[in-house]
Amino acid sequence: MRGSIAGLRAPAVIAHLKRLGITAVELLPVHAAVDDRALAERGLRNYWGYNTIGYFAPDRRLLGRGGVNEFKRTVAALHAADIEVLLDVVYNHTAEGNHLGPTLCFRGIDNASYYWLTPEDRRHYLDFTGCGNSLQLAHPRVLQMVLDSLRYWVEVMHVDGFRFDLATTLGRGPNGFDAASAFLDAVLQDPVLAQVKLIAQPWDLGLGGYQVGKFPAGWSEWNDRYRDTLRRFWRGDGGLVGEMASRLTGSADRSRT
């Protein structure tokens, strides 16, 4: 069972989580994914799963003979132990990579709708993510796909929330990040999604990508500077009293986690 979704529901694992006082687990990406070409050519794998290609199915490498039901059983077992299940989701880019990457689905269906393309040469991609392409949630059909996927994982798989990888990309429009973008507005207006936990990794690699404290009410955020300051303080690094004070009493950029 090691390395499978079924292993997570093993009685010994759940008992260990309970002893630690864990009330929620966040799973690294479980959506169907493929290995990056650069890794595959070296005989390596994208072990963490951040190379999604299928937003409506668990990766087969995580499943046993029970298929999708393995995932449902694991969520049910964790819920029975009063442990919530959050998913790390990668809606900012896909496994198709840059213009030299494989055509697996979205590029072949409608490249200009699914991805942000460079205005001067639409063969190439605007790469806000550092992964070769950026999914264009400003397009209504792409937005619909992502919302349908999120609802599927809540209503069918019964997860309790999501951590959105490089969430700034999801809120980008023609003029950059917009806290009132189609995606951010749609999620909070959706009767299903507005009820679950929404956690942003509030940055990407594009211009104006660092948006800590800028996501709308209803969202939680990772805060790397707050996290790093507290970690350095806990391990005994010196000269941090002033920084600690500003982080604990400062603005949203300094205090939200």
Side-chain angles (χ1 to χ4, degrees), residues 26-29 31 33 36 46 48-53 55 86-98 106 112-119 124-150 153 161-190 193-194 196-229 247 250-257:
E26 178 192 309
L27 305 183
L28 287 171
H31 290 164
D36 314 55
N46 189 320
W48 284 22
Y50 288 92
N51 209 34
T52 302
I53 198 60
Y55 293 113
L86 310 177
L87 298 186
D88 189 343
V89 287
V90 186
Y91 295 111
N92 59 77
H93 76 279
T94 79
E96 292 189 298
N98 63 17
F106 306 114
S113 294
Y114 280 96
Y115 298 113
W116 289 102
L117 305 179
T118 57
H124 294 91
Y125 296 87
L126 289 172
D127 185 7
F128 309 126
T129 66
C131 300
N133 64 56
S134 306
L135 208 57
Q136 185 180 194
L137 272 73
H139 191 284
R141 295 289 72 78
V142 183
L143 174 62
Q144 180 184 8
M145 177 188 72
V146 171
L147 294 174
D148 286 348
S149 170
L150 291 169
W153 288 92
F162 306 93
R163 176 266 189 190
F164 293 85
D165 186 59
L166 298 182
T168 295
T169 297
L170 312 186
R172 283 190 178 274
N175 300 312
F177 176 78
D178 181 3
S181 70
F183 172 72
L184 296 176
D185 277 354
V187 166
L188 293 179
Q189 293 176 28
D190 188 281
L193 301 178
V196 303
K197 291 180 171 63
L198 305 168
I199 306 168
Q201 183 188 35
W203 56 79
D204 65 15
L205 301 184
L207 184 65
Y210 195 77
Q211 294 292 332
V212 174
K214 305 294 180 58
F215 278 69
W219 283 78
S220 298
E221 299 179 17
W222 278 19
N223 187 327
D224 59 328
R225 294 173 182 171
Y226 182 91
R227 173 200 65 210
D228 292 349
T229 298
R247 289 287 166 201
S251 64
D253 176 53
R254 292 179 173 271
S255 62
R256 288 179 67 181
T257 59

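Atoms considered below: every heavy atom in the structure, side chains included; atoms not considered: hydrogens, waters and symmetry mates.
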Checklist entry - What's the verdict on side-chain hydrogen bond (donor to acceptor under 3.5 Å, both in side chains) for Asn51 and Asn46, showing C-alpha distance, side-chain angles and the deciding distance? => result CA-CA 7 Å; Asn51 209 34; Asn46 189 320; 4.8 Å; no
Next on the checklist: If you apply the rule ring-ring contact (aromatic ring centres under 6.0 Å, His included), what do you find for Phe162 with Trp153, and how did you get there?
Outcome noted: CA-CA 10 Å; Phe162 306 93; Trp153 288 92; 8.2 Å; no
Item to check | Check against side-chain contact (heavy atoms from CB on, under 4.5 Å), Leu86 and Ile199 | outcome: CA-CA 9 Å; Leu86 310 177; Ile199 306 168; 4.0 Å; yes
Checklist entry - Do Phe128 and Leu205 pass the side-chain contact (heavy atoms from CB on, under 4.5 Å) test, and can you show the C-alpha distance, the side-chain angles, and the key distance before you say yes or no? => result CA-CA 5 Å; Phe128 309 126; Leu205 301 184; 5.9 Å; no
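Looking at Leu135, Asp178, Asp204 one by one, the single match for side chain to side chain contact (heavy atoms under 4.5 Å, CB included) with Arg172 turns out to be Asp204.
With Glu221 contributing its side chain and Ala200 its backbone, the two residues share no donor-acceptor pair below 3.5 Å. Put simply, the side chain of Gln136 gets close to the backbone of Ala112: a donor and an acceptor are under 3.5 Å apart. Using a distance-only test at 3.5 Å, with no hydrogens or angles considered, no donor-acceptor pair links the side chain of Thr129 to the main chain of Ser134.
Side-chain contact between Tyr55 and Thr52 is present, with at least one heavy-atom pair separated by less than 4.5 Å. Counting heavy atoms from C-beta outward, Val146 and Leu137 have side chains that approach closer than 4.5 Å. By the 4.5 Å heavy-atom criterion applied to side chains, Thr169 and His93 are not counted as neighbours. Taking 4.5 Å as the limit, every side-chain heavy atom of Asn133 sits out of range of all side-chain heavy atoms of Asp127. Counting heavy atoms from C-beta on, the side chains of Ser149 and His31 come closer than 4.5 Å. Contact annotation: the side chain of Pro29 never approaches that of Val89 to less than 4.5 Å [non-hydrogen atoms, C-beta and beyond].
In plain terms, the two heavy atoms of Leu147 and Ala186 that are nearest each other are CD1-CB, 3.8 Å. Summarising the geometry of Ala217 relative to Leu188, their closest heavy-atom pair is O-CD1, 3.2 Å, with the distance given to 0.1 Å. When every heavy atom of Gly208 is checked against every heavy atom of Thr168, the shortest pair comes out as O-CG2, 4.4 Å.
In summary, the side chains of Asp165 and Asn92 do present a donor paired with an acceptor at a separation below 3.5 Å, with no hydrogens or angles considered. Between the side chains of Glu96 and Tyr114, no donor-acceptor pair is found at a separation under 3.5 Å. A side-chain N or O of Tyr115 and one of Thr94 form a donor-acceptor pair less than 3.5 Å apart. Residues Ser113 and His139 have side chains that bring a donor and an acceptor to within less than 3.5 angstrom of each other.
Ring geometry for Phe164 versus Phe183: interplanar angle over 60°, hence perpendicular rather than tilted (30 to 60°). Note: Tyr210 and Trp203 have parallel aromatic rings, judged against thresholds of 30 and 60 degrees for the angle between ring planes. Note on ring orientation: taking the six-membered ring where Trp is involved, the planes of Phe177 and Phe215 are tilted (angle from 30° to 60°).
Taken to the nearest 0.5 Å, the CG atom of Leu87 stands 13.0 Å off from the NZ atom of Lys197. Taking CG of Asp36 as the reference point, atom SG of Cys131 lies at 8.0 Å (rounded to 0.5 Å). Atoms CG and NE2, from Leu117 and His124 in turn, are 10.5 Å apart once rounded to the nearest 0.5 Å. Taking CZ of Arg163 as the reference point, atom CG of Asp88 lies at 4.0 Å (rounded to 0.5 Å). Put simply, CG on Asp185 and CG on Asp190 are 12.5 Å apart, with the number rounded to the nearest 0.5 Å.
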